[in-house]
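Down below is the structure, laid out as structure tokens.
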Amino acid sequence: MYTRCRVCAGKVREFLDLGNQPTANGFLLPEEVDRERTFRLAVGVCDECAMVQSIEDVAPGVRYHSGYAYHASGSAGHRQYFARQAQRMLATELAGRSPFIVEIGCNDGVLLEHVAAAGVRHLGVEPSTAVAELARRKGVQVVTEFFDERTAAAIRAGHGPADVIFGANTVCHIARIDSLMRGVAELLTPGGVFIFEEPYLGTVIEGRAFDQIYDEHDFYFSVTSVHAMAQRFGFDLVDAEHTPLHGGEIRYTLARAGTRTPRPAVAHLLRDEQVRRLSAPETLDRFGTHVRRVRDDLVTLLRDIRDRGERVVGYGAPGKCSTVTNYCGIGTELVPFVCDSTPAKQGRLVPGSHIPVRAPEAFADPYPDYALLFAWNHADEIMAKEQRFQQSGGRWIRYVPEVRVD
Ligand code: SAH
Ligand code: TMP
Ligand code: ZN
């Protein structure tokens, strides 16, 4: 249990407990149900550096392994987004002579496939072997390791220093962030940059996206907390910009202290978070009250629908779906199954709540009265694809930022 901050050893104050939860991407076969483990899912804020973080630790090997079910390329929106990010880095930080980029958590190669196609030196660091293999099939160079100071030193010894170290939706997954930061310091060229984009605390707290809280997320970054962390490890936060994935993230750029002039956006966003009192105790406590209300509203709605004899099907089985179903106590009696396009999840059960996952074809066979949109961050893509559902009288249920039926 963490009562001390993983970044600065300050005191961590717990502000929300979402109960006992399984690992959110541990989709199970029916015969594996007895072996499922759970952990207390609670989050707190550091008094000293404002880093919001999980209270309990789940060993990385329990979360990331051969069967890790998240495939980043599963969404057209994500594929397009990372293709653009790759092109942008190729045109800027990777435009010099013989540049080298290391990606922490390259998953199925959604970003690096474009770097590989451009013939630029790269290395993905990806411990989950099955997704790493998918990346290799796209021509991406991958080592199946956890990134830390030891792997960073080995990469430097074998390949030389990196001009860019990149991570998306991965840096906040690494509890030993001190080791990660020392690894980055070891591996980066003197003028290089560490760029990472991760779920934003503002989206979780102000956008009420409480389902972003699950075991994989050890940290919920803000510009304030990343700024403090950068300084502690000898870096400056030189840029910060809002990006659209997962309901709203921030892309942070760190450079060695004193090597680059921070863009005005950094000071602006820092001030803005202070004015909004983003990590103040009263803001975080208010969030807890709101989350409990959403839970009550959602369960009441689903029970009413069931009592009227109408059907609900879940749409999308992201990690977030584990948080919501387990926290709210939603099982097959309220949501008999959920459809998801990821083959690795189909035929399995949502962790903890054990709702079966079926292929998207099951959605229209026949259409339910309501669809509970767990993959709400892909709402535009999904609703465009499923127009016939609404045309045939079906209605979408959302619960972020509050319960709403469309
Ligand atoms: N970058 C992709 C994938 C994010 S999922 C995207 O933005 O969609 C997070 C990935 O990080 C998983 O594939 C997981 O296996 C990997 N991962 C977890 N811990 C890691 C570590 N210490 N080093 C490198 N990768 C890690
Ligand atoms: P994510 O929110 O972590 O990106 O996960 C989204 C989940 O939703 C993932 O398991 C894939 C699934 N999904 C569908 O089933 N259909 C879709 O059209 C999209 C975009 C995602
Ligand atoms: Zn701290």
Side-chain angles (χ1 to χ4, degrees), residues 4-12 24-25 27 45-53 60-61 63-65 68-79 81-82 85 102-112 124-132 134-135 142-148 151-152 166-177 179-180 183 196-199 211-212 214 216-218 225 228-229 232 245-247 249 314-321 338-346 357 359-360 363 373-386:
R4 291 276 156 201
C5 173
R6 292 179 178 90
V7 178
C8 79
K11 197 165 175 309
V12 174
N25 273 304
F27 287 81
V45 61
C46 173
D47 277 349
E48 301 286 327
C49 75
M51 182 65 83
V52 172
Q53 53 202 286
R63 305 189 290 202
Y64 310 110
H65 44 66
Y68 183 67
Y70 183 68
H71 293 190
S73 297
S75 142
H78 281 199
R79 287 196 301 276
Y81 177 78
F82 284 114
Q85 291 303 309
V102 170
E103 185 181 7
I104 308 175
C106 70
N107 198 265
D108 59 8
V110 68
L111 175 107
L112 283 185
V125 186
E126 176 49 70
S128 298
T129 49
V131 290
L134 293 174
V142 190
V143 286
T144 38
E145 301 271 3
F146 286 93
F147 184 91
D148 57 15
T151 29
F166 181 79
N169 304 297
T170 300
V171 173
C172 75
H173 295 213
I174 300 178
R176 288 295 315 274
I177 202 155
S179 175
L180 175 138
F196 54 100
E197 45 188 274
E198 310 285 322
D211 53 354
Q212 279 290 359
Y214 52 89
E216 289 180 21
H217 295 156
D218 295 298
S225 61
M229 179 173 80
R232 174 166 284 274
L245 296 191
H246 299 290
E249 307 204 309
Y315 205 108
K320 298 185 273 292
C321 153
V338 18
C339 342
D340 191 284
S341 56
T342 315
K345 296 181 183 179
Q346 294 161 7
V357 183
F363 184 54
L373 187 58
F374 290 117
W376 54 265
N377 48 315
H378 300 281
D380 292 347
E381 184 175 341
I382 290 172
M383 287 182 177
K385 187 167 9 183
E386 299 290 359

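Values reported hereafter were calculated over all heavy atoms of this structure, with side chains retained and with hydrogens, waters and symmetry mates removed. Note that the structure is predicted; figures quoted are calculated from it, not measured. Order of appearance sets the numbers: ligands from 1, and atoms from 1 within every ligand.
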contact_flag Tyr70 ligand 2 heavy-atom lt 4.0 Å | yes
Atoms of ligand 2 close to Glu381 [distance to a heavy atom under 4.0 angstrom, numbered from 1] | 20 (C)
Tyr214 meets the side chain to side chain donor-acceptor pair (under 3.5 Å) criterion, sequence neighbours left out, with none
Identify which one of Glu197, Gln53, Glu198 satisfies the side-chain contact (heavy atoms from CB on, under 4.5 Å) criterion when paired with Cys172.
-> Glu198
When Glu126 is tested against each of Asn107, Asp108, Thr144 for side-chain contact (heavy atoms from CB on, under 4.5 Å), which residue passes?
-> Asn107
Note: ligand 2 atoms sitting under 4.0 Å from heavy atoms of Ala375 are 8 (O)
Atom 5 (O) of ligand 2: closest protein heavy atom, distance to 0.1 Å, is Pro318 CB, 3.4 Å
Could you tell me the residue and atom name of the protein heavy atom closest to atom 12 (C) of ligand 2, and the distance to it rounded to 0.1 Å?
-> Asp340 OD2, 3.1 Å
Cut-off 3.5 Å, side chains only: do Gln346 and Asp340 have a donor facing an acceptor?
-> no
Side chain to side chain contact (heavy atoms under 4.5 Å, CB included) evaluation trace for Phe27 with Val357 | CA-CA 9 Å; Phe27 287 81; Val357 183; 4.0 Å; yes
In Å, rounded to the nearest 0.5 Å, how long is the span from CZ of Phe147 to OG1 of Thr170?
-> 11.5 Å
Kindly assign one of parallel, tilted or perpendicular to the pair His246 and His378, based on the angle between their ring planes and the thresholds 30° and 60°.
-> perpendicular
Any side-chain heavy atom of Asp148 within less than 4.5 Å of one from Arg176?
-> no
For the Zn ion (ligand 3), state how many protein N, O or S atoms fall inside a distance shorter than 2.8 Å.
-> 4
At a 4.0 Å threshold, what atoms of ligand 2 neighbour a non-hydrogen atom of Lys345?
-> 9 (C), 10 (O)
Ligand 2 atoms in contact with His78 (distance to a heavy atom under 4.0 Å) | 4 (O)
The side-chain contact (heavy atoms from CB on, under 4.5 Å) partners of Phe146 (sequence neighbours excluded) come to Pro60, Tyr64, Pro127
Member of Phe363, Phe374, Trp376 meeting the ring pair (Phe, Tyr, Trp, His ring centres under 6.0 Å) criterion with Tyr315 | Phe363
Which residue holds the protein heavy atom closest to atom 1 (P) of ligand 2, what is that atom called, and what is the gap in Å?
-> His378 NE2, 3.6 Å
Could you list which atoms of ligand 2 come closer than 4.0 Å to a heavy atom of Thr342?
-> 9 (C), 10 (O), 11 (C)
Nearest-neighbour protein heavy atom for atom 18 (O) of ligand 2, which is reported as residue plus atom name and distance = Lys385 NZ, 2.4 Å
Evaluate the criterion side chain to side chain contact (heavy atoms under 4.5 Å, CB included) for residue pair Ser73 and His78; output intermediate values, then yes/no.
-> CA-CA 6 Å; Ser73 297; His78 281 199; over 6 Å; no
Going by the 4.0 angstrom heavy-atom rule, the piece of Ile382 near ligand 2 is side chain
Applying side chain to side chain contact (heavy atoms under 4.5 Å, CB included), run through Met51 and Arg6 and close with a yes or a no.
-> CA-CA 9 Å; Met51 182 65 83; Arg6 292 179 178 90; over 6 Å; no
In terms of heavy-atom contacts, Cys106 and Val142 come closest through SG-CG1, 4.1 Å
What are the atoms of ligand 2, with element, lying closer than 4.0 Å to any heavy atom of Lys320?
-> 1 (P), 2 (O), 3 (O)
Over all atoms of both residues, closest heavy-atom pair of Leu373 and Ala379 | CD2-CB, 3.8 Å
Just go through Ala24, Cys339, Ser341 and tell me whose heavy atom is the nearest to atom 15 (O) of ligand 2.
-> Ser341
Which heavy atom in Thr151 sits nearest to a heavy atom in Glu145, and how many Å separate them?
-> CG2-CB, 3.5 Å
Write out each pair where an N or O from ligand 1 and one from the protein are under 3.5 Å apart, with the distance.
unit_1   : atom_1 : unit_2 : atom_2 : d
ligand 1 : 1 (N)  : Gly105 : O      : 3.1
ligand 1 : 1 (N)  : Ala168 : O      : 2.9
ligand 1 : 7 (O)  : Ala168 : O      : 3.2
ligand 1 : 7 (O)  : Asn169 : ND2    : 2.8
ligand 1 : 11 (O) : Thr170 : OG1    : 3.4
ligand 1 : 13 (O) : Asn107 : ND2    : 3.0
ligand 1 : 13 (O) : Glu126 : OE1    : 2.7
ligand 1 : 13 (O) : Glu126 : OE2    : 3.2
ligand 1 : 15 (O) : Glu126 : OE2    : 2.5
ligand 1 : 15 (O) : Ser128 : OG     : 2.8
ligand 1 : 22 (N) : Phe147 : N      : 3.4
ligand 1 : 23 (N) : Phe147 : N      : 2.8
ligand 1 : 25 (N) : Gly105 : N      : 3.3

Nearest heavy atoms of Cys49 and Cys46, plus distance in Å = N-SG, 3.3 Å
